[in-house]
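It should be emphasised that the depicted structure is a prediction, and the values quoted were computed from it without experimental measurement. Lettering of chains follows the sequences in order, A, B, ..., and the numbering in each one begins at 1.
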Amino acid sequence: MSPQQTLETGTGVRAPENLTLAAALNAAIRDAMVDDPTVVLFGEDVGPLGGVFRVTDGLYAEFGETRVSDSPLAEAGIVGTAIGMAMYGLRPVVEMQFDAFSYPAFQQIVSHVAKMRNRTRGKVSLPIVIRIPYAGDIGGVEHHSDSSEAYWTATPGLTVVSPSNPADAYSMLREAIASDDPVIFMEPKSRYWSKASLALPVQTEPLNRAVVLREGSDVTLIAYGPTVKTALATAEQGLAEGLSIEVIDLRTLSPFDDETVGASVRKTGRAAIVHEAAQFGGYGAEVAARLTERNFFYLAAPILRITGFDIPYPSPKLEEYFLPTPDRILAALSTWEWS
Amino acid sequence: MSPQQTLETGTGVRAPENLTLAAALNAAIRDAMVDDPTVVLFGEDVGPLGGVFRVTDGLYAEFGETRVSDSPLAEAGIVGTAIGMAMYGLRPVVEMQFDAFSYPAFQQIVSHVAKMRNRTRGKVSLPIVIRIPYAGDIGGVEHHSDSSEAYWTATPGLTVVSPSNPADAYSMLREAIASDDPVIFMEPKSRYWSKASLALPVQTEPLNRAVVLREGSDVTLIAYGPTVKTALATAEQGLAEGLSIEVIDLRTLSPFDDETVGASVRKTGRAAIVHEAAQFGGYGAEVAARLTERNFFYLAAPILRITGFDIPYPSPKLEEYFLPTPDRILAALSTWEWS
Amino acid sequence: MSLNVESTPLTAVLAPPPLRLIDDSGNAVLDSESGGFVLPPIETLLGLYRQMVVARRFDVQVTALTRQGRLATYPSALGQEACEIAAVAALAPQDWLFPTYRDSIALLARGVEPKDILASFRGDWHSGYDYQQHRIAPQATPLATQALHAVGLATAAKLKRDDTVALTLLGDGATSEGDAHEAFNFAAVWQAPVVFVVQNNQFAISVPLDKQMACRTIADKAIGYGMPGFYVDGNDAAAMYAVVSAAVDRARNGGGPTLIEGLTYRIEAHTNSDDPTRYRKTADVDLWRSRDPIERLEKYLIAQGALSNDERADIAAAAETLAATTRECMTEQAVVDPLELFEHVYATPRTALAEQRAFLAAELDGDAEASAGENEKSTR
Amino acid sequence: MSLNVESTPLTAVLAPPPLRLIDDSGNAVLDSESGGFVLPPIETLLGLYRQMVVARRFDVQVTALTRQGRLATYPSALGQEACEIAAVAALAPQDWLFPTYRDSIALLARGVEPKDILASFRGDWHSGYDYQQHRIAPQATPLATQALHAVGLATAAKLKRDDTVALTLLGDGATSEGDAHEAFNFAAVWQAPVVFVVQNNQFAISVPLDKQMACRTIADKAIGYGMPGFYVDGNDAAAMYAVVSAAVDRARNGGGPTLIEGLTYRIEAHTNSDDPTRYRKTADVDLWRSRDPIERLEKYLIAQGALSNDERADIAAAAETLAATTRECMTEQAVVDPLELFEHVYATPRTALAEQRAFLAAELDGDAEASAGENEKSTR
Ligand SMILES: Cc1ncc(C[n+]2csc(CCOP(=O)(O)OP(=O)(O)O)c2C)c(N)n1
Ligand SMILES: Cc1ncc(C[n+]2csc(CCOP(=O)(O)OP(=O)(O)O)c2C)c(N)n1
Ligand SMILES: [Mg+2]
Ligand SMILES: [Mg+2]
């Protein structure tokens, strides 16, 4: 867990509570809206319903129609109007209902959100947060379990982050909203209901820093979002098999924290990256490629990628075969020649 | 140059001609339309104008409105209707006018074109070719020089190819049109006007095979599309410096030809990949990661990526500083410890 | 001001009453109010009635099974039977249907087996039916995307000079998507033989229509594309059938596309994971329950003496049989083959997928290490 | 058939004549034909005339410079001056403009310097002007995307209770994009203070309007969004000014969005790399040349005795001065700093970009090898 401090906020410090990741996100948006009147929230069903995952529960009632609103059902419209609002000094937080439903907004995100600051030579910043519930393991029907991070991380101009636990969820979302850069905020659906006891407001490590969640000496296991839990379980299981696994939660996917991860890899000499998305062209490729480039002579073995297969995300009955498991990860690690 | 044969086609064998890559593509579409009445062509300005790059020049006059037509100006519409046509037994060839203008079609491509066959358990194939002129080096104003290959290669279900010369342009496009899988056909804009003497119809190596364009013993230099020319120039220049560079033209980006490229890397022990797109999360990451995974113990040095910087494609006055050059590539290679 | 210069703002203009042929009380409307449409023959109405009753029974059954946790999710069309059934009934065998997740009963009406309709909602592969045989595209989830597929297919049929029409079902919310616009426009420009049936059930999950658009009716949108648009009482099966049939005929005869709005109501929650009490009043739901499309048609048929007790019993029996089939198919364990994961992604075999398949096969054989290592070793 | 049930198909219906206040011959139209709009005051018309003449001179000058190879590309607005200038003239200083690549003369009319307008067309960074100061968004290339930005900005202004209006310029072709639909719809639902001015210059590169849409007029599309739509003679600066001004006022006073179509013609090629002889007849171009918007207004002003020879000379002189400035700024060599490449991508500094910047700096210093090696060595 990253070191936690309390954050200055107009909403004051509260007693520790048992909070889900979804509730932590909710609190982060709420506190940001209390602290900064320029923060506005809109998207599909984020108003009275509180979002299909209830992440925006209660915000419509508290802040009213002018700051929290259901938009027409059109994702390019949501992101496109957020751009205009940001140009006029607002800080829009918008929701794409599911990962695959961000695709209609692709042009607005890639050609404008990502590029506006650069094309205006720094004169127009777009402090927009695009929240995207992503990944699977919730028994979702087709198109509801995509992991789209590779699309965003391949796009210069975007900051891409993904929390794995309630404390980070709160802290990272506050920071994302406060950032002058647009942030793609990827929320691991399967972790929405995971809990932690938190005294809000909490401040964890800053964005752009990876965190060593568990120290180990044999292998560096790199994860983010939904697979952090898997990586931690793997480390536990590995211990029983006599393998000391260091687990890193990337937290921010773009930029990549070369310093923290590189140091770990140079220490262990072996690394593997775990994600749900397909392997081919996935985000893990960048992780493996850059760590190898920068640390080749420290490596005792190739960096492995334990990921989803190179197929569309499968139906619920088959997802257990698709998702990386501790067993599969340990099996992969055991293919290295250990000398 | 890949080995060339002539292809059976109703259009007959023609005398050798000096053809540009654009003209070779034009001939490929034409011959495919002559041979197969189910091939139809549509998109923005592909009719009487013959496309902004003249790739479809003369086809409207030859085949008429029912087989070649200008569509309304809407890329999701173009790809979406192509899907319906393919479901009814046609083989649509559609054009996205520039790379960045394929983004409005992103959802149709990623959620449908790529997934239809899988979600229907193989019952519905979509033999669609989506032609995308891509990359820079033509002095294009903003949004006209994107390299989007990483988006498509990260998407299971798509076949992604890019020819680098007129012979491949013809042969690969014919094969793409004949394929029952949807193909993203990426055309290197800066190479449209490069010429070769060809006797059409020509058949080069099949899709999905990379080709060793030039043998060498010290380094494997991997390129595709626009950077193949750069790689060949680098090899030439390297020779003068006493470096024997093997140049591989990938031709097909997804799937990756592990066999051909792996064999070369095992031979040379050193490899580098060159592309125009930004490095972070770019296609080169997959190339470096998988070659390292599979050939780690043959590698004398980390696989290098010589690519565009991690910034949006710059304005014409600055593109010379952005694009990989032989000098930059050779400088990068010289950073390896050579023993 | 010359009226044909300014396109009159309609925001403040009340929507007209929708076209209906049978009113709430089950009486035929006056000829002068029927918009030039005539009541379909009584046997047709009886057929629609039968299908609607059966569909309702299916829908209720599946919702119940979903509450029992037998299905992962089910978007009910309860209350929307007139739109769904009439749309399908208006099609000829060679025509194609492009449905959404909401339109399971449309598939049922076109002859797809319950087990095949429900496959994906149970968590299995998308759908089991043969798309080409049934001429039904897979139920679409990404909103409005299927409308473009329908336009493409219809255009292909036109190019081939086949007399095939494509009909696509859309939700009110889906009309806000860019893809809906592009579909309407391509259809109009290409004069594609396609019929767009928008089921205006007044909600997109929790969002009511007045947050979705400021236009008087969805049908009015047709004007902006230069195609005919019809605003129809979506709980009147007779009207829906008459208007959709006319549109299908027009499309078949080279008259191009039509946009039809059926005004109806989503009685159930959006899906089982939705909580409609958060965004709408029970009183509204009750009001619309009282405007039930099946009851309306039933009253009319009874008044016409066209629905005997025998007939009703027969229909009820058919509905119960289907319900039983539906329950039974839920008890069958779907046979799941993990290795099928790799089978359908490409028509052209891929080495990498063969490798991954072999890896999974070995893992399933309890031989994971050997498998994972193979690749590495073979290349070393 | 009750007319308010069926949205009349308009495909076969001829478009009405567009609204005009001054006819082709330079005469004011009858009050009864002016759609309730009145001619703007003569000083306003004179101001429009001056700006149009100057804009034309600029446009012709830039096209000439482009032919000489001094610019990489230039999309001319020749013949569209009435739309461009009237749209800008109707705005108050606090209002925002969201232009496209075609609308350089609109920027000029809003006070942007030639060198700043032309920067990107010369191959330099996008634009040199200060967006916030001029309240002009960067000229948009991805079609129709800027319309959504305009709606967002207008909505933000409304939320902040500012009396700011956003006006966006769109092409006829761009209205086919999904983003245009979403922009129109969001604007209408949110009652955003935004004005959409579609310059229907009858071509999207080579594609004529009848392949773009089957609707009678683009203005008719407004009906489907519940907002007012106006079909205006885009070569009549008086009418464009009157209608846009009314829309801007309505937006400012809480009346929501308006869609205005200006019917005009693209006299030049799409850009210098286009060859219009492939897709249109010279006779058509000549016809539209004869309907020149500047000549029309000139005739009117002369007939009114409002345009003295001195005034004309003065305007001509201003135009020539601007042309000279424009030529001169083309001779200035833009100072290009390669290291600026890394400066504006993010507000938050990134280590990786600093590394890449250092790499390029070293390369420029002729020290490429040292630089490329640094990273590898430092981590070894
Ligand atoms: C492109 C896209 N965006 C968002 C969603 C998520 N979603 C599923 S159903 C739905 C509401 C659809 O409303 P409507 O079109 O009225 O159809 P209904 O469910 O009422 O039948 C939403 C927002 C989606 N499936 N696709
Ligand atoms: C999304 C997108 N698709 C395609 C293009 C390529 N393109 C540039 S201008 C143009 C035609 C636009 O026509 P219209 O909207 O009528 O504007 P005009 O050029 O006539 O002013 C096209 C297709 C683009 N810029 N953006
Ligand atoms: Mg609905
Ligand atoms: Mg135009």
Nearest atoms (heavy-atom pairs only) where A/Val79 meets A/Ala105: CG2-CB, 3.7 Å
What are the two closest non-hydrogen atoms of B/Pro156 and B/Ala114, and how far apart are they?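 Shortest heavy-atom separation between B/Pro156 and B/Ala114 comes out as O-CB, 3.5 Å.
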Kindly provide each donor-acceptor pair between chain A and chain B shorter than 3.5 Å, listing atom names and distance.
| from | atom 1 | to | atom 2 | distance (Å) |
| --- | --- | --- | --- | --- |
| A/Lys115 | NZ | B/Asp146 | OD2 | 3.3 |
| A/Arg119 | NE | B/Glu142 | OE1 | 2.8 |
| A/Arg119 | NE | B/Glu142 | OE2 | 3.3 |
| A/Arg119 | NH2 | B/Glu142 | OE2 | 3.0 |
| A/Glu142 | OE1 | B/Arg119 | NE | 2.9 |
| A/Glu142 | OE2 | B/Arg119 | NE | 3.3 |
| A/Glu142 | OE2 | B/Arg119 | NH2 | 3.0 |
| A/Asp146 | OD2 | B/Lys115 | NZ | 3.3 |
| A/Tyr151 | OH | B/Thr155 | OG1 | 2.6 |
| A/Thr155 | OG1 | B/Tyr151 | OH | 2.6 |
| A/Gly281 | N | B/Glu286 | OE1 | 2.7 |
| A/Glu286 | OE1 | B/Gly281 | N | 2.7 |
| A/Glu286 | OE1 | B/Arg305 | NH1 | 2.7 |
| A/Glu286 | OE2 | B/Arg305 | NH2 | 3.1 |
| A/Glu293 | OE1 | B/Arg305 | NH2 | 3.4 |
| A/Glu293 | OE2 | B/Arg305 | NE | 2.5 |
| A/Glu293 | OE2 | B/Arg305 | NH2 | 3.1 |
| A/Arg305 | NE | B/Glu293 | OE2 | 2.5 |
| A/Arg305 | NH1 | B/Glu286 | OE1 | 2.7 |
| A/Arg305 | NH2 | B/Glu286 | OE2 | 3.1 |
| A/Arg305 | NH2 | B/Glu293 | OE1 | 3.4 |
| A/Arg305 | NH2 | B/Glu293 | OE2 | 3.1 |

Please report the C-alpha distance between B/Ile222 and B/Val274 in whole Å, then the side-chain angles of each, then the deciding distance to 0.1 Å, and finally whether the side-chain contact (heavy atoms from CB on, under 4.5 Å) criterion is met. CA-CA 6 Å; B/Ile222 303 161; B/Val274 189; over 6 Å; no
Give the intermediate values and the outcome of side-chain contact (heavy atoms from CB on, under 4.5 Å) for residues A/Phe296 and B/Phe296. CA-CA 10 Å; A/Phe296 185 76; B/Phe296 186 74; 3.9 Å; yes
Pairwise distance CG(A/Leu158) to CD1(A/Ile130) - rounded to 0.5 angstrom: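 Here the rounded value is 7.5 Å.
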Run the numbers on A/Val261 and A/Phe256 for side-chain contact (heavy atoms from CB on, under 4.5 Å), then give the verdict. CA-CA 9 Å; A/Val261 189; A/Phe256 182 81; 3.8 Å; yes
Which atoms of B/Ala272 come close to chain A, meaning under 4.5 Å heavy atom to heavy atom: side chain ones, backbone ones, both, or neither? neither
Does any heavy atom of chain A fall under 4.5 Å from the side chain of B/Leu253, the backbone, both, or neither of them?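 Contact with chain A: backbone only.
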Of all of A/Pro255, A/Ala277, A/Ala301, which one pairs up most often with chain B through heavy atoms under 4.5 Å apart?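 Option with the greatest count: A/Ala301.
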Tell me which of these, B/Ile303, B/Val110, B/Leu291, B/Ile109, has more heavy-atom pairs under 4.5 Å with chain A than the rest. B/Val110
Picking from B/Ala288, B/Pro312, B/Gly157, B/Pro314, which has the most non-hydrogen pairs under 4.5 angstrom with chain A? B/Pro312
Go through the steps to decide whether B/Ile248 and B/Leu221 satisfy the test side-chain contact (heavy atoms from CB on, under 4.5 Å), and finish with yes or no. CA-CA 6 Å; B/Ile248 292 189; B/Leu221 194 56; over 6 Å; no
